[in-house]
Amino acid sequence: MMRPNVSINPFALAAVTIIAATLLLVAVGRMTIVTDMTGAAPGNGPVAADGHHRSPALPIVDPIRIDIGATGGDGARLLAAAEWVETRLQQNDLFPRARNQPMPKRLADLSDQVIPHLPVLFTAGELQVQVAPLLTDRAIRQAMTRFRTDAPGQASSMAMDPLGLHRMVLARLAAMSQEPGAAIHRGRLFSADRRHVLILAIPIGSGTDATVARALTRFFHDLDRDLEKKFGREITLTAAGTFRTTLDNASMVKGDVQRIILWSATGIVVLLAACIRPLAGMLSLMPPLAGMISAFFIFSLTHDSISILVLGFGGLIVSISVNHGIAIMGLADDDAINGARHAAREIRAVGLPAVLAAVGAFGALAFSGIAVFEELGRFAAMGIGFSFLFAQTVFPLLLTTGRHGPTPAGRRLAGFTDRLTSAGWSGLALALLAAAVLAVFIRPPVATDRKAPQPASRETNTAEVRDNRFSDTVVMTEAADLAALQAKNDRLLELLETETHAGGILKALTPSLFFPGHRRSAENADAWSRFWTAERVQLLSSVLERQGAALGFADGEFDPFLKMITTPSSRPPAIPPDLQALLGISRDEIGGRWVQTTRITPREHFDRRRFNDRMSAISTVADPARRFPAMGKRPFQKTAAMLLILGAGLILLLVLFLADAGLSFTALLPPAFAVVCTAGTLGMTGRPPDIPATVLLSVFIAGPGAGYGLFLIRGCQRYQRFDHPHFSAVRTAMIMGAAATLVVVWVLPAADHHLFEKAGWIACCTIGYSLAGALLILPPLLKRRFEATPTDTGGIRRRYRNMAPCPRLMAGSGRRLGPLIGELSARLPAETDAANILDVGCGYGAPACWMADRYPYAIIHGIDPDPERVRAAALALGPRGRIIRGSAPDLPPMDVLVNLATMLDVSHHLQDWELEKNPGTHP
């Protein structure tokens, strides 16, 4: 048997497609897609996100650490390879020549700067422990012999430092390696086993720039290949730096986004085509697609770029909003006579609170304090909102009434969804039992999930093994000028030395070890003067004269050194420009501020919280082990504020659209169930919720999660019973939308990037448990309230207690209803045998309900022009009423004899001629 059904309007579809394509092309032309994820996870980059937070324009120096290794013990071959690599670096435009001198040249330049300022480079303790043992005949002779052997032709340097004190200072550079036992040997920084040489290379651009990262990756790939050709496989090259993480982020996120879009689109299409008519399934995708394109277009008008993470969640937005199209198609199929516009009104009445919950929840991400989440929240809120607007305004214009064959798949789906809500009290007990079991595994939230995998390729993982850099904590110090920076670095060095002596970190390299500020220079110069007593000076002078003569040095050769000992200068040495990059110092050419990055390596007993608190007064700490470092309580304050906004918004939504304490509490049960079960699942799987997880969890709970319960409760308010065909279509659309969402988010846990993986786990758990809570917990509670007691008995308020707030408040308004009922009671007879009573302009039906209670054997025939009032009055009267659309004076024909007629609050809406119009054949 053929039946009415809906089909597509090709002309309207063509117009919508052209407009959507135009908006999309304009948006794509205006926007740049950003693949840098440091704003989302500061721990992924060395210091980029934290540094950008404090000074976005500041060019932070982050040298690339190149490890040249030898599998054998051929030291000469290893040195030759290191020199060859340095030559290649100088020949490439990616590495400025002035900032990438060979390591021996850098050491020589640093030595020239260190020797004249030796009196300010040793503390009192270092003088006693390191220098005092050198003041013997044998030690002095060895130092002078080594100097003449290692640095022939540098007589002036030897005259200024015959003891080789500058070597002790230069040895502090071994801290760059962050490896125990590393040392300077033959002008190179060697590992303890002498099988690895470390080379620092400073690129021309920032490693967080994807373009620079790609160029550096290509360069080191070619360099590694050429090194193998020249020196064989015994010599290896490993380059570690920010550029690797940046490129890994870009490539992984790009691949994840492509897979998410492909699999989610395929999954949604297959799901919709399999469960409902293929045409209906395809049409159901139009509102969310239109919403996403509209959001993209609006976003392009206010932003120059968009994160690829936001685009990756575009599929999620589609899946969340697809239920509106499904519901309109389903209702239009069931009631093609009233058409798609009527179906859209039905969905608006039931689904508006859920849409507002989702829009508000994603909009609250703007208060999360995480840049990429704020962008995602704005985009998602606009996408969901525009999807709903499209479904309510444009989508009905695309549908026309036609005649098609039966759709058994759709009927089977409706039957299946009806069975899902029929578990009854056993389903409620099962849900409570599951929540109780999972509650055992709940773990308290943490500041960061340290087990979260870093976005790294195989090459980056290899670099991490050979180079400690990715586990380092970076301390960033800023100042208005170089002198102020040196002063801050003095204080920083003291704090780091205290931490080193306590065993918390390995010895760190700071500029104050070579170029102290005023205070440290004065303290060291004073310690130098007290160390070199007259007796020590006299003893040293005689030993130098005796050993110098034995080695062929002329008389007075070492007078410059003796003069420096007796008359030390406390003036702090200036940091030469060509050595600033080596020490991690850079300057913002626009703002003029200076910044110093100091890399440290924590040890086993490192107290991160205490370290951050101690450093907060002078520096900013970026710690990969803490996803959101260096902001003190800021992330927690932001998260708390966002949670407060979400909670207040959800409560306001319940008050406006439910206005019932019992129903509001019932609506909160599925989100509460989802919170407990999700937290338990995360704890059971070893994924404790951290700040971003808490943010995502709260958004999905307060948005799509709470929406499922609101769908069911609003459906019960509107249709009053679960077996209503329209309510069945609404439930089917809700479940189909949730299924489509799960199809999308189920792909995310398999993503390479940990942010997608984290979002996938959170979304899968919250959406799944929220849907399960809505289907298992709510039906028995709602059926008990809405179906256990008939609504057409027990007084006027009893008849309206389960309806939406508007008819319930209008019907129960004592100020207006009380006098009206009093007047009716006085004018109408107390007893009558009237079988049919006509109420013209019945409104929401409150007076009609009073008459139904007063005259228990009468049928109330109500007439009103507003379809919503007709619907509410019909529900309130139940079998005692016959409510139809119509308006005075043109009343619709009636097939019964009316014994009593009333018209309340209507005449003032009519013109005089309408009041005098002959009713004709109407009774």
Side-chain angles (χ1 to χ4, degrees), residues 47 51 55 58-63 96-123 126 157 160-161 165-176 184 189 200-203 474-497 507-525 528 564 568-600 618-620:
V47 74
S55 182
L58 202 58
I60 297 175
V61 173
D62 186 37
R97 189 179 185 89
R99 306 175 73 185
N100 290 278
Q101 297 294 329
M103 193 64 178
K105 177 66 168 56
R106 290 178 177 177
L107 291 176
D109 293 343
L110 184 58
S111 177
D112 292 340
Q113 297 292 328
V114 164
I115 291 177
H117 301 95
L118 287 174
V120 300
L121 298 179
F122 289 91
T123 64
E126 290 171 338
S157 297
M160 289 290 295
D161 183 21
L165 299 182
H166 71 284
R167 294 194 188 94
M168 298 179 182
V169 179
L170 296 181
R172 298 169 184 174
L173 286 172
M176 288 190 301
I184 303 293
L189 181 56
L200 296 182
I202 303 172
V474 174
V475 179
M476 187 177 73
T477 309
E478 291 186 48
D481 54 57
L482 200 54
L485 184 65
Q486 286 181 275
K488 279 192 172 184
N489 270 318
D490 287 348
R491 176 61 178 153
L492 175 64
L493 179 58
E494 293 176 359
L495 294 176
L496 293 180
E497 285 178 337
K507 187 175 181 62
L509 178 70
T510 68
S512 287
L513 292 172
F514 311 96
F515 303 98
H518 284 278
R519 185 173 63 84
R520 189 176 179 90
S521 295
E523 293 175 354
N524 288 350
W528 181 275
M564 182 174 60
S569 173
S570 62
R571 186 178 63 183
I575 306 177
D578 56 344
L579 292 176
Q580 291 172 3
L582 177 66
L583 300 174
I585 298 175
S586 60
R587 183 173 185 267
D588 178 14
E589 298 298 335
I590 299 177
R593 292 187 63 81
W594 292 81
V595 65
Q596 156 67 30
T597 55
T598 304
R599 195 173 302 280
I600 66 171
I618 58 173
S619 301
T620 299

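- Separation of atoms CE (Met476) and OG1 (Thr598) is listed at 11.0 Å; rounding is to 0.5 Å.
- Every residue two or more places apart in sequence or in another chain that forms a side chain to side chain donor-acceptor pair (under 3.5 Å) with Ser512 is listed here: Asp490.
- In this structure, the separation between CG on Leu513 and CD on Glu497 is 7.0 Å, given to the nearest 0.5 Å.
- Panel note: side chain Asn489, backbone Pro511; no donor-acceptor pair is recorded below 3.5 Å.
- In this structure Gln486 satisfies the side chain to side chain donor-acceptor pair (under 3.5 Å) test with no other residue, sequence neighbours excluded.
- Of the residues listed (Leu482, Leu583, Leu121, Ile585), the one engaging Phe515 in a side chain to side chain contact (heavy atoms under 4.5 Å, CB included) is Leu583, and it is the only one.
- Scanning for side chain to side chain donor-acceptor pair (under 3.5 Å) contacts around Asp109 gives Lys105, with sequence neighbours left out.
- The structure places OG1 of Thr477 at 14.5 Å from CH2 of Trp594, a figure rounded to the nearest 0.5 Å.
- In this structure Arg519 satisfies the salt bridge (Lys or Arg N to Asp or Glu O under 4.0 Å) test together with Glu494, Glu523, sequence neighbours excluded.
- Side chain of Lys488 to backbone of Glu478: a donor-acceptor contact under 3.5 angstrom is found.
- The minimum heavy-atom distance linking Leu495 with Ile618 is given by the pair CD1-CD1, 3.8 Å.
- The two residues Leu485 and Ala479 make their nearest non-hydrogen contact at N-CB, 3.4 Å.
- The shortest heavy-atom contact between Asp481 and Ala484 is OD1-N, 2.7 Å.
- Shown here are the side chain to side chain contact (heavy atoms under 4.5 Å, CB included) partners of Ala171, two or more places apart in sequence or in another chain: there are none.
- Both the sub-6.0 Å distance and the 45° axial angle are satisfied by Arg172 relative to the ring of Phe122.
- Remark: His117 NE2 to His166 NE2 distance equals 15.0 Å, nearest 0.5 Å.
- Shortest non-hydrogen contact noted between Ser569 and Ala525 is O-CB, 4.3 Å.
- When the side chain to side chain donor-acceptor pair (under 3.5 Å) test is applied to Thr510, no partner is found at least two apart in sequence or on another chain.
- At least one side-chain heavy atom of Pro119 sits under 4.5 Å from a side-chain heavy atom of Met564.
- Between Arg520 and Thr123, some side-chain heavy-atom pair lies under the 4.5 Å cut-off.
- For the pair Val120/Trp528, no side-chain contact is recorded, criterion being any heavy-atom separation below 4.5 Å from C-beta on.
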